[in-house]
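Below is one structure; the comments refer to it alone.
Every chain is numbered from 1 and lettered A, B, ... according to where its sequence line falls, protein lines coming before strand lines. Everything numeric in this text was worked out from a predicted model, so none of it was measured. Below, all heavy atoms of this structure are taken into account, side chains as well, without hydrogens, waters or symmetry copies.
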Amino acid sequence: MEYPDNIGINMYKWAKDLFPICRSLTGQGVRDTLAYLQKLIPELTIESINSGEQVFDWQVPDEWNIKQAYIENETGKRVVDFSDSNLHVMGYSAPVDLVLPLEELQQHLYSLPNQPDAIPYVTSYYQRRWGFCLTEKQRKSLKPGNYTVKIESTLTQGVLNYGELILPGETEKEILLSTYICHPSLANNELSGPIVTTALVQWISSLVNRKFTYRIVFLPETIGSICYLSRHIKKMQANIVAGFVITCIGDNNDYSYLPSRGEHSLADKVALHALENSVESFTKYNFLQRGSDERQYCAPGVDLPVCSVMRTKYGEYPEYHTSLDNLELISPAGLQGGFNILQQCILLLENNHKYEVTVLCEPQLGKRGLYPTLSSMNEDYTDIRTMMNFITYCDGNHDLVDIANKIGCYAINLIPLAEKLYKEGLLRKT
Amino acid sequence: MEYPDNIGINMYKWAKDLFPICRSLTGQGVRDTLAYLQKLIPELTIESINSGEQVFDWQVPDEWNIKQAYIENETGKRVVDFSDSNLHVMGYSAPVDLVLPLEELQQHLYSLPNQPDAIPYVTSYYQRRWGFCLTEKQRKSLKPGNYTVKIESTLTQGVLNYGELILPGETEKEILLSTYICHPSLANNELSGPIVTTALVQWISSLVNRKFTYRIVFLPETIGSICYLSRHIKKMQANIVAGFVITCIGDNNDYSYLPSRGEHSLADKVALHALENSVESFTKYNFLQRGSDERQYCAPGVDLPVCSVMRTKYGEYPEYHTSLDNLELISPAGLQGGFNILQQCILLLENNHKYEVTVLCEPQLGKRGLYPTLSSMNEDYTDIRTMMNFITYCDGNHDLVDIANKIGCYAINLIPLAEKLYKEGLLRKT
Amino acid sequence: MEYPDNIGINMYKWAKDLFPICRSLTGQGVRDTLAYLQKLIPELTIESINSGEQVFDWQVPDEWNIKQAYIENETGKRVVDFSDSNLHVMGYSAPVDLVLPLEELQQHLYSLPNQPDAIPYVTSYYQRRWGFCLTEKQRKSLKPGNYTVKIESTLTQGVLNYGELILPGETEKEILLSTYICHPSLANNELSGPIVTTALVQWISSLVNRKFTYRIVFLPETIGSICYLSRHIKKMQANIVAGFVITCIGDNNDYSYLPSRGEHSLADKVALHALENSVESFTKYNFLQRGSDERQYCAPGVDLPVCSVMRTKYGEYPEYHTSLDNLELISPAGLQGGFNILQQCILLLENNHKYEVTVLCEPQLGKRGLYPTLSSMNEDYTDIRTMMNFITYCDGNHDLVDIANKIGCYAINLIPLAEKLYKEGLLRKT
């Protein structure tokens with residue numbers, strides 16, 4: 001594709017910069033993240049919606065910010081410290097400043113017995129709690145006695161922020177790219193999402209004669225997409241022809257596909273065609289295995305044509321939602337692979353015309369230098385057959401991807417052929 | 001379900017009472033049978049249609065009654081006696097009083113060489129004949145010589161009887177239950193049918209807020225359903241949304257499904273869903289293997305949505321249409337299993353609403369106590385996922401059974417969940 | 001079927017007569033071939049279209065005729081001679097009269113290294129070339145030196161000929177049979193085509209009460225069908241309900257089916273049903289493997305319901321397009337098999353009515369002598385079941401072939417049953 005080879009390396013650098021920021025549904029970490037992305041894509045605008053506002057069945061939560069947090073033992077040693085890892089504090093923890101014995105402290109500790117070296121990622125957005133997350137090893141090393149726990153956080157009337165970007169095209173019909181920015185220090189799920197999306201935005205901006213308008217959003221998962229839909233649902237329903245939730249797109253393992261609720265939207269068709277023809281293998285999930293913002297975009301009554309193309313799907317790798325989902329799990333090559341597959345989905349959408357042949361019967365291709373004038377069994381007709389097969393399904397009913405599926409080749413490879421025949425006047429676009 | 005545990009035992013007792021009655025298409029045996037059932041379901045009315053009346057392409061046959069019948073050998077010993085088994089006389093046998101040699105008698109004897117201990121069930125409804133059915137063993141023991149044969153039967157202008165019962169519901173839309181009462185002393189095919197139907201009627205009568213009206217008929221097979229259709233076809237075509245032919249429903253072996261002619265009616269959908277989710281295994285037949293009153297209900301131009309849910313299907317067990325299809329072949333447990341599966345079909349029909357979620361995007365279930373407020377990998381989300389999966393298909397297009405099929409669970413188990421969400425105001429019925 | 005047993009032998013004789021003629025897209029060979037066929041089917045008319053005429057995207061080529069051609073070595077010996085085989089000269093070779101050394105001659109020679117005993121069939125219709133085709137063995141035996149090459153051919157303004165025949169039926173709806181007459185001395189591909197078509201025409205002419213009108217064409221492949229379509233497309237689109245390209249229909253090996261572009265036309269349904277029920281096995285190709293005039297008949301915008309029923313498909317046997325596709329490859333039995341399967345397709349089309357039963361519920365077949373009056377397990381009900389199964393799908397929606405597919409039998413065998421029930425007044429045709 002027409003993109004610098006070092007995009008994987010660039011993306012990985014962005015991930016390193018963004019990794020330390022403590023993101024959550026709301027708060028300074030989200031704003032810092034959006035500010036960083038704005039430097040890479042200046043057209044990005046940062047929007048806000050007030051705490052307490054009703055959005056469909058939900059209310060925008062209070063804004064959460066945190067300065068410091070730790071657990072100190074009797075000797076004054078900080079045995080768990082937020083400054084070591086954002087994950088050490090439960091997301092949306094209420095402030096606390098207490099001395100309490102280990103037995104009581106245990107009620108507020110979260111660890112994973114089966115993954116003794118991993119700090120789990122735990123949140124309590126809609127119920128006031130406080131808590132610390134730590135490795136099972138750390139937890140076992142805690143001796144009986146009193147502990148000082150301190151969480152210097154605030155939960156106050158504020159705003160929920162998200163980033164929005166509209167890249168206009170030749171038509172008002174839209175492609176939606178949606179990614180989330182609410183997970184602290186988690187690399188594959190989530191940083192890979194906003195990072196690959198940012199690289200895609202840079203590439204889309206550079207496309208001349210863009211057919212579609214692109215709606216790109218960076219928002220906190222669930223409540224963010226609900227907020228966004230509550231503001232824009234009518235326009236989105238009128239215009240969006242295909243959309244992708246972009247997440248878990250930076251590791252080097254699997255490729256994955258999770259369909260829209262209807263399973264047969266244009267987004268689904270294109271995603272499946274790209275995966276079937278451009279990667280060695282991938283896992284096909286069903287909508288029952290959903291877990292991200294397609295839950296909102298595909299909800300009944302919302303019904304947007306949105307699916308997910310991922311590398312290893314959330315919930316399907318052991319590091320998921322733990323401190324092991326870190327910068328070692330993703331890589332420049334992993335991010336590049338994710339970028340490539342989504343780029344191809346977009347290229348397919350941009351070129352997915354319905355063609356109709358302009359002459360009755362087969363065109364005389366010989367006189368146009370497109371067909372051998374000698375008929376003999378010794379010739380290799382493979383490319384000729386592909387061309388003739390392509391033409392025979394140019395009936396105005398099949399789009400480029402349909403035809404590629406019919407004739408068993410990758411639609412990306414048919415684009416130059418279609419353009420050549422179009423320029424010869426043998427095809428019209430319907 | 002809400003039914004006494006001893007229903008299987010009750011049903012078996014009814015079978016024992018009804019077994020000795022000599023039923024046929026017409027006659028006193030049919031009336032005695034209907035009178036017995038009327039004691040169990042007092043709303044049952046007994047209808048009649050005159051011999052000779054034209055019903056579509058058929059004519060109601062003469063009424064057949066029989067007092068006694070036997071074959072006596074030269075020593076005056078009764079070697080075959082109707083009083084031993086109703087099956088000994090061919091159904092609709094003309095009267096006869098003759099002395100004739102064994103060779104001539106043989107023309108009127110029916111036995112099964114491959115089942116030497118079984119008396120076959122033979123009828124000749126529409127051609128005047130006389131005949132005796134006996135075991136192959138009995139037949140072989142007959143010595144050469146003269147035999148006195150006597151059949152004291154009458155074939156006279158009379159009536160064909162059937163039982164009918166309409167249980168009104170909230171709507172005029174109807175469920176049809178059809179079963180037959182024309183086989184003498186045959187237990188699985190046929191007594192299990194009217195008996196399980198009677199138990200279902202008692203249970204349906206007890207249902208409060210019945211959505212559907214129930215049309216239940218007890219009639220002789222083929223000519224009975226033709227008579228009934230000739231009187232009620234317009235109303236049945238206007239109102240019946242699902243129906244079941246109830247037969248072969250009392251043995252303890254297989255479960256079976258035989259589709260309607262169209263194969264995709266509501267009755268079919270519900271029957272398949274119930275069988276797939278509530279019994280260990282079942283045999284799925286196709287409409288080419290039909291053999292009971294669905295031949296009339298599903299005939300072209302009649303086109304009612306009627307299928308059969310059975311235990312072992314007629315024709316598929318060696319005792320079928322012989323004296324071995326007796327009270328030992330059926331059992332309280334067998335009848336109870338048959339009752340249960342049909343009861344579940346009816347419960348599914350009564351509860352098979354199309355639901356539509358009342359809010360856009362996912363509802364906030366946490367604030368209603370329906371969703372955990374703590375997000376952590378340690379939780380078991382199975383029930384939560386079932387609920388979320390159920391909600392996501394509540395789009396007004398899928399009914400309860402459709403959704404259950406989509407999300408891979410038994411719709412019966414979704415009923416309480418659907419009712420809970422409906423009471424929370426999160427669902428409407430469409 | 002109602003046809004003399006020796007039709008295979010007759011057809012083979014016609015093949016022998018036609019084999020030596022040098023056919024091409026145009027010229028005297030085509031006219032001689034059509035004149036021969038006209039003797040067998042006098043209603044055949046011979047049409048012409050002028051060289052240079054525009055037909056859709058094509059132009060009718062000049063007429064090609066050839067008197068003699070040879071290559072002589074220095075000793076005056078004719079090492080390659082057109083009088084030995086029509087295939088020795090490239091089709092549409094320009095005239096030439098030259099002496100040139102072997103090295104230069106090689107540029108104009110065509111042989112098959114992998115088939116050293118076969119003369120390849122090579123043409124250059126739309127680019128002026130000259131060339132000789134010979135066996136690899138002949139080629140290798142050529143010694144260095146000068147050769148005299150002479151091709152006495154003409155390429156002049158003339159006509160393209162084709163044969164046309166309309167056999168009127170009860171309706172204007174048409175069956176199309178299309179076969180080609182442009183290959184010189186090739187037996188399976190092509191002579192089997194016009195020969196079997198001719199035998200079919202003789203048989204169709206003899207049919208009384210033909211339902212369909214038959215449009216039969218004998219034309220040069222590709223340019224011929226394009227010419228014909230350019231003249232008749234509107235009427236053909238209005239009337240043709242099914243059509244067959246008839247080619248490769250005389251060998252004794254495989255049977256083959258190649259669908260129309262849409263794959264689900266009446267022609268496809270009938271062809272598949274006939275092949276599935278009347279030959280032991282066959283190969284099912286897809287439209288990507290097309291290669292004859294269905295390329296034109298099924299082109300987008302033309303969209304005629306035309307498929308191919310063949311014996312071994314073109315391109316799928318080693319003798320294809322070489323001198324080995326000769327009279328030894330085809331046989332009376334091979335041609336007869338091809339005739340039979342196409343005859344059955346036509347019989348199916350003629351009898352493929354939609355039937356509707358005239359009575360509600362099952363008809364009383366006993367009173368018509370069509371059903372046993374004795375009901376007993378000892379009877380064989382196979383034929384009865386077939387009849388009842390047939391009747392139950394006579395709902396006005398299924399045609400004869402649909403019903404045969406539903407009930408698992410060959411529709412040809414249902415025709416007498418359908419006629420019997422129709423005469424009884426139990427069926428109407430819709």
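Residue C:Lys406 touches chain B through both its backbone and its side chain, counting heavy-atom pairs closer than 4.5 Å. Looking at B:Tyr297, neither its backbone nor its side chain comes within 4.5 Å of chain C, counting heavy atoms on both sides. B:Leu229 touches chain C through its side chain: at least one heavy atom from C-beta onward sits under 4.5 Å away, while N, CA, C and O do not. With a 4.5 angstrom heavy-atom cutoff, B:Gln115 does not touch chain C via any of its atoms. For B:Ile233, the part sitting under 4.5 Å from any heavy atom of chain C is the side chain, from C-beta outward, and nothing else.
Contact count against chain B (heavy-atom pairs under 4.5 Å) is highest for C:Thr392 among C:Thr392, C:Ile391, C:Asn397, C:Asp395. Of the residues considered (C:Gly396, C:Cys394, C:Gly408, C:Pro363), C:Pro363 shows the highest number of contacts with chain B, using heavy-atom pairs under 4.5 Å. Contact count against chain C (heavy-atom pairs under 4.5 Å) is highest for B:Arg290 among B:Arg129, B:Gln127, B:Met90, B:Arg290.
The only member of B:Ile119, B:Leu186, B:Thr135, B:Leu112 that meets side chain to side chain contact (heavy atoms under 4.5 Å, CB included) when paired with B:Thr322 is B:Leu112.
Side-chain contact annotation: B:Tyr180 with B:Thr247, donor-acceptor N/O pair under 3.5 Å present. Looking at B:Gln296 and C:Glu362, their side chains do bring a donor and an acceptor atom within 3.5 Å of each other.
A salt bridge links B:Asp117 to B:Lys137: one of the charged nitrogens lies within less than 4.0 Å of a carboxylate oxygen.
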Residue pair B:Asn188, B:Asp325: steps toward the side chain to side chain donor-acceptor pair (under 3.5 Å) verdict: CA-CA 6 Å; B:Asn188 195 37; B:Asp325 184 352; 5.3 Å; no
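Side chains of C:Phe212 and C:Glu350 form a contact here, defined as non-hydrogen atoms less than 4.5 Å apart.
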